[in-house]
Amino acid sequence: MPELPEVETIARKLAPVLTGQTIARVDVLWARTVDRPTPDAFCAALSGARVLTIDRRGKYIQMALSTGQTLLVHLRMSGKFAVYSDGPGEDTHARLRMQLADGTWVVYIDPRKFGRFYLVDDPHEITGALGPEPLSVDFTPEWLAAKVAQRRGEIKPLLLDQRFIAGLGNIYVSEALWQAGIHPQRSAGTLTTPEAQRLHTAIVAVLRAGLENGGTSLDGHYTYPSGGTGQHQDYLRVYDRAGEQCPRCGYTLERIVQGQRSTYFCPVCQIQPTP
DNA sequence: ACCACAACCTGGCCGC
DNA sequence: TGCGGCCAGGTTGTGG
């Protein structure tokens, strides 16, 4: 589901709805949606709290509250928000809903029930182990080159590791490796300095493009709180395109499985050097 | 460090 | 139509 561009887009769309608003009531419709504290304590602590700010860290949406606590939301595979001005809606897959003091309903919808809400005193408790933000100044070509050099595993699963870099997911990793011309099964430690440089450029470029296009909406899974969709699915080069032609060289794109996840790539543009 | 695999869940699609 | 199998943008835990 959502990766960095989608989560960032959702946070931006929710900001004008939530910022400065007081939460009047909270209903938890699927108990496990609330990771901590208990659902009852969660509702009690949120009721009457005002939302000061809303932003993103990795794939977490985070809201600073007037109580001093922070509310974090991870959408996992199928979570999304809907905003209604005239009632709580009637979504089959609604898992949690909040009514704001002005009457607005913010409904969390999640068919697969994987998403989680965390209400904590210190957001670091949840986000402390995340790697750097790939669109921040902390993420430099030099940093990436030095870090991949220390790793033995395949580059693709490494890029999915949120402790390594925060926010990348299955779509944007496939896209970035294709753009950089690096085979997904390359051992991370064998990347040359120019390759690490190209990978850095590609990661930043695909994330920025995804963001500019409002994120990627496949099968209507990811939608904005207003119901609209992103447009970046129209710009994907390799993701979910096995059997189609590589947009760069025309060779047939392939799908392989790494770490139980699909990887899409071009076997000509992304050559695996013989070990 | 690294790997493999199961688990958490529901729904859509495809082939028979 | 029905049913089984596979797939899905993510993460965590367990056991090597």
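Just so we're on the same page: letters track the sequence lines, and every chain starts at 1.
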Participant: Out of B:dC2, B:dC9, C:dA8, which has the shortest distance to the side chain of A:Trp30?
Facilitator: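 Of all the options, the side chain of A:Trp30 is nearest to B:dC9.
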Participant: From the set B:dT10, B:dC9, C:dA8, return the single nucleotide nearest to any side-chain atom of A:His93.
Facilitator: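 In terms of side-chain proximity for A:His93, the closest of B:dT10, B:dC9, C:dA8 is B:dT10.
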Participant: Ring stacking, A:Phe114 with base of C:dT11, under 5.5 Å and under 30°?
Facilitator: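 Aromatic stack with C:dT11 absent for A:Phe114.
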Participant: So, A:Glu3 side chain and A:Gly169 main chain: donor-acceptor pair closer than 3.5 Å or not?
Facilitator: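 Confirmed, A:Glu3 side chain pairs with A:Gly169 backbone.
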Participant: Give A:Arg32 one of three labels, base, sugar-phosphate or nothing, depending on what nucleic acid heavy atoms sit under 4.0 Å from its own.
Facilitator: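 Result for A:Arg32 = sugar-phosphate.
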Participant: Identify which nucleotide among B:dC8, B:dT10, C:dT12 has an atom closest to any side-chain atom of A:Tyr60, counting heavy atoms from C-beta outward.
Facilitator: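 Nearest listed nucleotide: C:dT12.
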Participant: Across the strands shown, which category fits A:Tyr239 at heavy-atom distances under 4.0 angstrom: base, sugar-phosphate, nothing?
Facilitator: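 Sugar-phosphate, backbone atoms only, no base.
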Participant: Looking at every strand, decide which applies to A:Ser78 at a 4.0 Å heavy-atom threshold: base, sugar-phosphate, or nothing.
Facilitator: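 A:Ser78: no heavy atom of the nucleic acid under 4.0 Å.
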Participant: For the residue pair A:Tyr172 and A:His232, is the inter-centroid distance of their aromatic rings smaller than 6.0 Å?
Facilitator: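 Yes, close enough.
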Participant: When rounded to the nearest Å, what value does the distance between P atoms of C:dT11 and B:dG11 take?
Facilitator: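 Rounded to whole Å, the distance is 22 Å.
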Participant: Reading DNA chain C from 5' onward, which residue's closest nucleotide shows up sooner: A:Glu6 or A:Tyr118?
Facilitator: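 Taking each residue's closest nucleotide, the earlier one in sequence belongs to A:Glu6.
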Participant: Would a line drawn from the ring center of A:Phe81 to the ring center of A:Tyr224 be shorter than 6.0 Å?
Facilitator: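 Ring-ring flag for A:Phe81/A:Tyr224: false, centres at least 6.0 Å apart.
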Participant: What is the base-pairing partner of C:dG13, counting Watson-Crick and G-U wobble geometry with both distances under 3.5 Å?
Facilitator: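 Result: B:dC5.
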Participant: For A:Gln162 and C:dT11, is the shortest distance between a side-chain N/O and OP1 or OP2 below 4.0 Å?
Facilitator: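 Yes, A:Gln162 has a side-chain N/O under 4.0 Å of OP1/OP2 on C:dT11.
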Participant: With hydrogens left out and only the distance checked, is there a donor-acceptor pair under 3.5 Å joining A:Arg112's side chain and the base of C:dA8?
Facilitator: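 Under the 3.5 Å cut-off, the side chain and the base do form a donor-acceptor pair.
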Participant: Taking only the C1' atom of each, what is the distance from B:dC8 to C:dC3 in whole angstrom?
Facilitator: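 About 24 Å, rounded to a whole number of Å.
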Participant: Measuring from the side chain of A:Lys59 (C-beta onward, heavy atoms only), which nucleotide among C:dG10, C:dC7, B:dT10 has the closest atom?
Facilitator: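 My answer, after comparing the listed nucleotides, is C:dG10.
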Participant: Out of B:dT10, C:dA8, C:dG10, which has the shortest distance to the side chain of A:Asn170?
Facilitator: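 From the listed options, C:dG10 comes nearest.
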Participant: Is a donor on one side and an acceptor on the other found under 3.5 Å between the side chain of A:Gln162 and the backbone of A:Leu168?
Facilitator: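 Yes, because the side chain of A:Gln162 sits within donor-acceptor range (under 3.5 Å) of the backbone of A:Leu168.
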Participant: Could you please name the option among B:dA1, B:dC9, C:dA8 that lies closest to any side-chain atom of A:Arg151?
Facilitator: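 The nucleotide sitting nearest to the side chain is B:dA1.
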Participant: Which label fits A:Phe164 and A:Trp143: parallel for a plane angle under 30°, tilted from 30 to 60°, or perpendicular past 60°?
Facilitator: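 Geometry flag for A:Trp143 against A:Phe164: tilted rings.
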Participant: Could you work out which one of C:dT11, B:dC2, B:dC5 sits closest to the side chain of A:Gln260?
Facilitator: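 The listed nucleotide nearest to A:Gln260's side chain is B:dC5.
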Participant: A:Leu218 CG to C:dC7 P: how many Å, rounded?
Facilitator: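 For the pair A:Leu218 CG and C:dC7 P, the rounded distance is 17 Å.
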Participant: Under 4.0 Å from OP1 or OP2 of C:dT11: is there any side-chain N or O of A:His74 that close?
Facilitator: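 Answer yes for this pair, as a side-chain N or O of A:His74 is under 4.0 Å from OP1 or OP2.
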